[in-house]
Amino acid sequence: MEYTKLVEVYEKLSATTKKLEKRDIVAEFIKNLNTEDLQIVIHLLQGKIFLESEEQEIGIADKLIIQALMKLGFSKPEVFDEFKETGDLGLVAEKLVKRKRQSALFKRKLSAEQVFYKIRELAGLTGKSSQAKKLNIILELLNSAEPKQTKYITRTILEELRLGVAEGIMRDAVAQAFEVSKEDVEYAYNLETDFGEVAGIAKEKGEDGLKNVRLELGRPIKVMLSEKAGNLKEALEDAKEPAIEIKYDGMRTLVQKNKDKIWLFTRRLENITKQFPDLVELCKKNILAEKAILEGETIGIDKETGKPIPFQELSKRIHRKYDIEKIAKEIPVQINFFDCLLVDKKQLLKESFGARRKKLEEIIKQVKGKFILAEQIRTKDLKPTEQFYKKALDSGQEGVMVKNLLAPYQPGKRVGYMYKVKPEKESLDLVITGAEWGKGRRANWLASFILSVRDEETGELLEIGKMGTGLTDEQFKEMTERLKPLILTEKENVLSIKPKIVIEVGYQELQKSPNYKSGFALRFPKLIRTREDKSVEEADTLERIKKIYKGEV
Ligand code: AMP
């Protein structure tokens, strides 16, 4: 399919902020595509060249695009002046290329497929001459593109497409295009985690196909989410037939086994198998089934005391690409299994939690301090639950999970089968969208961070405050290193930052405020921790802020 056709759709999508209009535009476009184009088009519409589980990143920085534009014959001041003005290299590329070329000059027509696969090639290049090769690929693409196309190619390469086609809109568009129900699309998506695949199934096999999507080894799923309960009493009532478990403070881990092969995925669908060779070995030896899909919480353990360490420490292992064995020794882990979704040929999603736990107990050979079944009690009474809760907190864990033993497993949903109870007052998970350089001793660090909440309606990120406390010197340095590659624009001392990093923030008070776009401001926001496990789409919403403000949460 010609890339121009997709660009027309991009333009239409950019012209509206309304969810329903976006849904209609996408549905109308995808409904007549053949299955092959459909997959690529859906990924390009989402600006998603790789699935989270593919362990590949495009990884192109602004610098390389700027170099490419200079190679195309534009001068450094020309590029920089435009960039300073808009902060969007896509717009810069469009504007400059338009100045130079007439559309009549384009002989070859770019296809969507070419754009997709060329950008994928960028990620595979490593080693010495990889920068030059990457530059060549980018040049090749920009050279064969019309001005408008260069805008979207550039944005796609930089992963800044920002068309607001969020998951909910894509789900509704697929449902509308192929005349199937949203629920079936969502069900299939939670297991497939790829709208390209799901749209293909909807087109070829309709609702039956979607309903029959199954768990597959080697592919992550959207895990079941929990709801926050007001207190233990409410949680016990809501859970109906309660089992109470320790809420371990670590990283949710989806463990999959197929004979000798193990996969580990996070709740953000990232494949972290390579980073945890110690866990892989434990899984190989101590899961007593040929095939299995299990869930557990991995926590970091202090080598000396055997006690849990803060999540922040464990998170150092999640993105580590070198010295993996060394850090595995420095920060040993313990996995606490709490669910079982598949054993051998049997899929257990529809079984009750009680039955799933029984299966889990059958196939886990526990290893003291390392490979454990989540500690659980079963009672409807408040007294023993309170004692268990206290014990969880005293042992350094976060709180408890109260689960309904009769409930099935619902991928991707917060359905009331699982409640969390933890003591802290409402903290917020916010996105860093800006920062300021420090002064004096901190002159080389980013010392103040602009925080935003998510407007679920529009997908926009709205500022809610500025945070400069709660960080140690080491954390300031670390944060600076993480944010530097994400800097979009720099005006005087203030930077705008590509929204990628979610942090958990405590605060003294939530106030109404005209100073920030969200309409609210946080008094004395303070860093609790970075949420490596949360994506921007999972950050807190304006809706929740409003509820907290009204005292409804
Ligand atoms: P939160 O991240 O605060 O929304 O709490 C939910 C998270 O608690 C889950 O995603 C798990 O990572 C974690 N967790 C810790 N212990 C358990 C447990 N026993 N059962 C289920 N989830 C748990």
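Whatever order the structure lists ligands and atoms in, that order sets their numbers, starting from 1.
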Mark yes when over 12 heavy atoms from residues, nucleotides or ligands other than Lys498 sit less than 6.0 Å from its NZ; otherwise mark no.
yes
Got a donor-acceptor contact below 3.5 angstrom from the Gln397 side chain to the Asp249 backbone?
yes
Counting only heavy atoms not in Lys285 (residues, nucleotides, ligands), do more than 12 fall under 6.0 Å from its NZ?
no
With side chain to side chain donor-acceptor pair (under 3.5 Å) as the test, pick out the partner of Tyr409 among Glu295, Glu351, Lys350.
Glu295
A student comparing Arg252, Gln397, Lys247, Glu504 should find that the heavy atom closest to atom 9 (C) of ligand 1 comes from Arg252
Among Lys534, Lys420, Arg531, which residue places a heavy atom closest to atom 2 (O) of ligand 1?
Arg531
Could a heavy atom of Arg414 be found less than 4.0 Å from some atom of ligand 1?
no
Verify, without hydrogens or angle tests, whether Gln366 (side chain) and Leu373 (backbone) share a donor-acceptor contact under 3.5 angstrom.
yes
Taking the non-hydrogen atoms of Lys422, is any one of them nearer than 4.0 angstrom to ligand 1?
yes
Return the closest protein heavy atom for atom 17 (C) of ligand 1 as residue, atom name and distance.
Met401 CG, 3.7 Å
Give the residue, atom name and distance (to 0.1 Å) of the protein heavy atom nearest atom 20 (N) of ligand 1.
Lys403 NZ, 2.8 Å
Which protein non-hydrogen atom lies closest to atom 6 (C) of ligand 1, naming both residue and atom, and how far is it?
Ser226 OG, 3.5 Å
Dump the intermediate steps for salt bridge (Lys or Arg N to Asp or Glu O under 4.0 Å) on Asp339 and Arg356, then the final yes or no.
CA-CA 7 Å; Asp339 219 323; Arg356 301 200 307 274; 2.7 Å; yes
Quick one: are the ring centres of Tyr549 and Phe520 less than 6.0 Å apart?
yes
For ligand 1, the portion of Lys228 having any non-hydrogen atom under 4.0 Å away:
neither
Polar contact flag for Tyr248 and ligand 1 (N/O pairs, less than 3.5 Å):
yes
Return the residue, atom name and 0.1 Å-rounded distance of the protein heavy atom closest to atom 23 (C) of ligand 1.
Phe338 CE2, 3.8 Å
Identify, by atom number and element, the atoms of ligand 1 in contact range of Arg267, meaning under 4.0 Å from any of its heavy atoms.
2 (O), 10 (O)
Are there more than 12 heavy atoms of other residues, nucleotides or ligands under 6.0 Å from atom CD of Glu457?
no
Test of understanding: given a 4.0 Å heavy-atom threshold, classify the contact between Met251 and ligand 1 as side chain, backbone, both, or neither.
neither
Applying a 4.0 Å heavy-atom criterion (strictly less than), which segment of Val223 is in contact with ligand 1: side chain, backbone, both, or neither?
neither
Report the nearest protein non-hydrogen atom to atom 14 (N) of ligand 1: residue, atom name, distance rounded to 0.1 Å.
Glu297 OE1, 3.4 Å
Whether the Tyr189 and Glu167 side chains hold a donor-acceptor pair (N or O, under 3.5 Å, no angle test) is what I'd like checked.
yes
Looking only at distance, does Ala374 have an N or O less than 3.5 Å from an N or O of ligand 1?
no
How are the rings of Phe337 and Phe371 set relative to one another: parallel (under 30°), tilted (30 to 60°) or perpendicular (over 60°)?
perpendicular
Backbone or side chain, does any N or O of Asp533 fall under 3.5 Å from an N or O of ligand 1?
no
